[in-house]
There are 6 protein chains.
Amino acid sequence: MTQFERPSKRAPESLREVSLEVGKSRYAEGSCLVKFGHTHVLCTASWTGDVPRWMKGTGKGWVTAEYGMLPRATHTRGRREAAAGKQSGRTQEIQRLIGRALRSVTDLEALGENQITIDCDVIQADGGTRTAAITGGYVALALAINYLKEEGIISTNPLVSQAAAISCGVYQDVPVLDLDYAEDSNAMVDANFIMSSDGRIIEVQGTGEERPFSREEFLAMSDLADAGCKELFALQKAAIDNA
Amino acid sequence: MTQFERPSKRAPESLREVSLEVGKSRYAEGSCLVKFGHTHVLCTASWTGDVPRWMKGTGKGWVTAEYGMLPRATHTRGRREAAAGKQSGRTQEIQRLIGRALRSVTDLEALGENQITIDCDVIQADGGTRTAAITGGYVALALAINYLKEEGIISTNPLVSQAAAISCGVYQDVPVLDLDYAEDSNAMVDANFIMSSDGRIIEVQGTGEERPFSREEFLAMSDLADAGCKELFALQKAAIDNA
Amino acid sequence: MTQFERPSKRAPESLREVSLEVGKSRYAEGSCLVKFGHTHVLCTASWTGDVPRWMKGTGKGWVTAEYGMLPRATHTRGRREAAAGKQSGRTQEIQRLIGRALRSVTDLEALGENQITIDCDVIQADGGTRTAAITGGYVALALAINYLKEEGIISTNPLVSQAAAISCGVYQDVPVLDLDYAEDSNAMVDANFIMSSDGRIIEVQGTGEERPFSREEFLAMSDLADAGCKELFALQKAAIDNA
Amino acid sequence: MTQFERPSKRAPESLREVSLEVGKSRYAEGSCLVKFGHTHVLCTASWTGDVPRWMKGTGKGWVTAEYGMLPRATHTRGRREAAAGKQSGRTQEIQRLIGRALRSVTDLEALGENQITIDCDVIQADGGTRTAAITGGYVALALAINYLKEEGIISTNPLVSQAAAISCGVYQDVPVLDLDYAEDSNAMVDANFIMSSDGRIIEVQGTGEERPFSREEFLAMSDLADAGCKELFALQKAAIDNA
Amino acid sequence: MTQFERPSKRAPESLREVSLEVGKSRYAEGSCLVKFGHTHVLCTASWTGDVPRWMKGTGKGWVTAEYGMLPRATHTRGRREAAAGKQSGRTQEIQRLIGRALRSVTDLEALGENQITIDCDVIQADGGTRTAAITGGYVALALAINYLKEEGIISTNPLVSQAAAISCGVYQDVPVLDLDYAEDSNAMVDANFIMSSDGRIIEVQGTGEERPFSREEFLAMSDLADAGCKELFALQKAAIDNA
Amino acid sequence: MTQFERPSKRAPESLREVSLEVGKSRYAEGSCLVKFGHTHVLCTASWTGDVPRWMKGTGKGWVTAEYGMLPRATHTRGRREAAAGKQSGRTQEIQRLIGRALRSVTDLEALGENQITIDCDVIQADGGTRTAAITGGYVALALAINYLKEEGIISTNPLVSQAAAISCGVYQDVPVLDLDYAEDSNAMVDANFIMSSDGRIIEVQGTGEERPFSREEFLAMSDLADAGCKELFALQKAAIDNA
């Protein structure tokens, strides 16, 4: 009988080695270099003391995100989006996702009329860049919030929960956690879970890449994500507390 | 005690009135005007006997989709994307979703080196345009496939399953099916299910708009979607058979 | 002797079957689905209570138009302009023409600082889309004007005349009215007349596609247009009165 | 009784001073600096020994035109189109018109698979730039054709007629020829006639700027244009013969 | 022994025939048609009584430049930048250079909140278009400044020095002045000097096209530029004084 | 008497701390993270076994560069160029400069029909990003060349010299080396020198930001650059040898 083995040799429920390094940017109000194995994303949080025009006067703040990938972050060089003259549909989809996720754990009224922009730039990509970006982007956001509190710009903490994200998939009919590029390319099913630290789902996107998936498979992936995000929440907390 | 009531007065598990009118385009190889209540989407399927450059010589075909909305499909006029000079991130996200969904039920090898482009143009919008587009787009695709078979361009049916889609949400803490615009704007949780006719999930996207959601809520929405899509599969079948 | 016959079998002076259906849009202040035979154009009129920046403070209003064509409105699928990232020269030329024509019958001072945007979207195209758009666009405009009067936003009727448009051509050396696509592709001469209901010319564009044309041919086409527009004015009036 | 007088003091049927200087470009296969009074347009004809992709193998050639205006050609500086990132609708409309007009007098089969591009760049603008461009563009085209014959690239003359253009208008209810900017801005009716040297109309565009116009007014303008173009044909012939 | 000879037969230290014709534009506040041999650039200076938004309220003015080239200014036709939809990197680099050079000799405080835009449009190109543009652009600027003084818009002369520019190169190992296109294409080293009339350098750009260059070669080119610009300063002064 | 002191406290002839770390990219054929003090630029070299279309069949290779800056590389967040839809003139100017510099030390014939693209992405910016990019880009290029030799793709070393770059300036009338942002913002004169390892100049760009500069000042800066680049050449050699 053939033994099931992931290309990464990891157990189905194992994350890659994850690190969250803070203070990597000299200028940003908050920053975090997040590594999920060979996937490295630099997340910076930039504060401005005003909001987009359509929000002025509402008393509420705004959190938004932008995503990019260095041309040679990947195995073969991709076209630079600035040279192509537009962001791809994939890029826009990811940055909209990051922004929604981080806004969902932020009380925009408590933020006041401040805007925080999270830039997530992929330095090196080996699968799971969007989940790494959300996980690291939360840390950058939390550090910028701390800065705003220290500076007296806001008085109450607008963060209502932590947010972290992880991918799951069905690889050779086995549900697995945190797919790298080799696994992702060969997965039958692929799902990204964004979780809040109370164990609920902020957003889920599941795709049957090669075949539809059953509810049972979905639940198995949901269990994996739940456990994986618990690990990520602990790492986020440690990184923020030690900053 | 306050009675729960949807703005549409529908029961939680009720679809809007759905119709799938075929043959609305004089020229397209397949077409379907799909109506989910006041949401009207014209779906056309256009065939070309070649494939994108990166697929040439593979022996496989391609199914892709484009999505658009007439400027005054909505309550207030939106900017025409052609005049703005680009498709919004939302538009690109939706058309990528439609394309993925329809490819997932198509055996691209059986299609041979043919391409079918599904255009989904929203004539009037009252919530759920992407789920209507997938549901009607499938019908247009199936009719174009029938045309290719009749013309002898392909010999076997590349469609391996039907695909349909429906939205669910949590409205005033009650899971409900097929949100219209008024309901969608006030839903706490919003999810789109794309199902195959064997009862499995092709793609799911769930978002906690106002708060995260629990696994139980997800499962309740999944049940609603399951039943709703069964109705849609029957309507699709009738529309295609009677064309 | 060979008998002259148009591909459409119509007499030289015959319009295609024309219909003007109002109330096809649930949201627009005025709307009209105009059909010239197989050419179908959805015209909506959208009101906003302000004017472009360069007109602010003049006390005058503005009427403008945008034109688009669904990708599969035609025999073969055309590229979606929103995806191409720009409107073609042809599209811009047509929408400028529609706007000029409708402004020419509107007293912009009587309109006050209101703007009405006419969207003309071609659902199906079989020649003469610009003349259908002007003819249907006028109806949508008139209905929006009626709405503004009913709402008390304006008090006097700014419409000084009806406007309608029709194409003429010289087909096999015979002047004919209202060319469909098959006729237009083979016409030697092609002209579009935009007329006011007092029998004068608002705008004329005549092109010798295959050969120059004489003044006599121009006058014969002008007679045909004159009679054709009289029919259109009656249909417009009926549609507006019955709305 | 008030005497009618044009701002330019010219008689209704008088052209501005027109000159057609050839050989103004050191490199182009044909060139002509055309002046209609203070309107100055540099027209160059550039030859390439191939045709656009969609024409390859047809044995036919192509004539096309591009139009531009220096930013300070006008009283107040206009935005540079290259900086704006696109050509205006007006620019595209004009260059399509110039191209159509010059193709209409060219036998594309006799041209063989050669392309001639006419660039019309307005150095100074005082009304009538499109008519000057067509009139001078014809001269540049004819000179390039002569060059191709001298070089043995083509053997027969593909030009079947001369083409020239002039504007007419109704100014203070009087039909007048060749409007300058001051007259054009105040004309009630404005029409551009493109004529062939056999006295027929290649293209006409007439617009009731302030009010519709009658057939009688159209005929009076047509007479003026007829006589004006006769003068232009003589000047074109002299310029080409003396080159 | 082979005699060194430039393609242009000029001595190493000789400028091409240079002319600076003023008053070539009927509308611009200042204008100059500059010719360096067959290189012809029309420079116009356009005044507006306000400044870019980021300068409002500073009390200072602004001088900026735009550069363009007619498509057939060169031996073979280049693509029109307006049609391409963007300015090339080369164009942007040149217009930034022209703007910097002219600002460097302008006291922006003395200019008050006025903006002068210098348009440099290359009518014909035979090498050295950027140096001709700066040299002629200065004349156009000075004439516009004179206009502003005459109109009482400014009271003191904001020009602190003249600015002129010339290219140098190393051709067949000999330093030479003012390269035309044939020389420039074959130069080993190419440098552009922008000088002020007090003999200092405003900007220098030197490139080893085929090989690096030594400090001695740089100094020899600098000497040539110094002498060449003295001639240009005299021509500028004469042109401005005689305007 | 006031003592001259640079904001950075460095002596006029002192470089910032410079480091060149290789192997920072898992995928690129060559890579170098270059630090000039707080200025950090990631340089990657990407190889493709073909050349741009216009070079095919020439037997020669190509080296080109692209430059970008992360939005929060600077004190205040800048707009992401991919989102803006175009690269700024500054970006294009810098990447053209990097490409020219690296091509100037490469024998393109010896490279064969291979292309190497150098991506220079600024992670953090504190002045001198273009000189750091050239210095680090050379290292990435050299490592990619070594890779091509090891793989047997090329047999001879196409690099004919090292290339490095450093900025100089005149700060408070004193010539100084390697300006950081604070110094650059207040320099009277600013020059970038790109040198070859034989002590010659590949390219120089000098600008009198606040006033023109004399030949003596230029020579003093040239001496500083000469010495500074010697240090950089040694660091480059060590980094490449130890890779």
Side-chain angles (χ1 to χ4, degrees), chain A residues 64-67 85-97 99-101 103-105 107-108 160-164 170 188-223 225-226 229, chain B residues 64-67 85-97 99-101 103-105 107-108 160-164 170 188-223 225-226 229:
Chain A
T64 186
E66 289 189 6
Y67 172 93
K86 64 173 179 176
Q87 295 180 299
S88 71
R90 178 187 172 274
T91 290
Q92 291 180 68
E93 193 170 325
I94 293 175
Q95 66 192 11
R96 282 156 51 91
L97 176 68
R100 273 200 310 274
R103 278 194 299 279
S104 81
V105 292
D107 176 345
L108 297 176
V160 296
S161 166
Q162 285 173 253
V170 176
M188 296 156 164
V189 175
D190 179 25
N192 291 296
F193 288 85
I194 310 175
M195 311 283 295
S196 60
S197 42
D198 64 1
R200 289 191 293 174
I201 301 168
I202 291 169
E203 184 147 343
V204 61
Q205 298 186 332
T207 309
E209 307 254 328
E210 293 198 356
R211 59 162 177 77
F213 56 95
S214 66
R215 180 186 297 207
E216 289 66 40
E217 287 170 323
F218 182 84
L219 292 179
M221 292 191 291
S222 177
D223 283 336
D226 213 48
C229 284
Chain B
T64 187
E66 289 189 7
Y67 172 93
K86 64 173 181 176
Q87 294 179 299
S88 71
R90 178 186 172 276
T91 290
Q92 291 181 68
E93 193 170 325
I94 292 175
Q95 66 192 12
R96 283 157 52 91
L97 176 68
R100 272 200 312 273
R103 278 194 299 281
S104 81
V105 293
D107 176 346
L108 297 176
V160 297
S161 165
Q162 285 173 252
V170 177
M188 296 156 162
V189 175
D190 178 24
N192 291 297
F193 288 84
I194 309 175
M195 312 284 295
S196 60
S197 42
D198 65 1
R200 290 191 292 173
I201 300 168
I202 291 170
E203 185 147 343
V204 61
Q205 298 186 331
T207 308
E209 307 254 328
E210 292 199 355
R211 59 160 177 76
F213 55 94
S214 66
R215 180 185 299 207
E216 289 65 41
E217 287 171 321
F218 182 84
L219 291 179
M221 291 191 291
S222 176
D223 283 335
D226 213 47
C229 283

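Ranked by heavy-atom pairs under 4.5 Å with chain B, the list A:Gly208, A:Ser88, A:Ala101, A:Gly206 is led by A:Gly206. Per-residue counts of heavy-atom pairs under 4.5 Å with chain A were compared for B:Ile202, B:Thr207, B:Ile201; the largest is that of B:Ile201. No other option in B:Ser222, B:Ser196, B:Ser104 has as many heavy-atom pairs under 4.5 Å with chain A as B:Ser222. Heavy-atom pairs under 4.5 Å with chain B were tallied for A:Arg200, A:Met195, A:Gln205, A:Glu203; the largest tally goes to A:Arg200.
Side-chain atoms of B:Glu93 and B:Arg96, non-hydrogen and from C-beta on, never get closer than 4.5 Å to each other. Between A:Arg215 and B:Leu219 the shortest side-chain heavy-atom distance falls below 4.5 Å. Contact check for B:Met221 versus B:Val170: side-chain heavy atoms found under the 4.5 Å cut-off. Side-chain contact between B:Arg211 and B:Phe213 is present, with at least one heavy-atom pair separated by less than 4.5 Å.
Neither the backbone nor the side chain of A:Ser161 comes within contact range of chain B, judged by heavy atoms closer than 4.5 Å. Of the two parts of A:Leu97, neither the backbone nor the side chain holds a non-hydrogen atom closer than 4.5 Å to a non-hydrogen atom of chain B. Both the backbone and the side chain of A:Arg90 have a heavy atom closer than 4.5 Å to some heavy atom of chain B.
Nearest heavy-atom pair, B:Gly199 versus B:Asp226, reported as atom, atom and distance to 0.1 Å: O-OD1, 3.8 Å.
Only one option out of B:Gln95, B:Glu66, B:Gln92 pairs with B:Gln87 in a side chain to side chain donor-acceptor pair (under 3.5 Å); it is B:Gln95.
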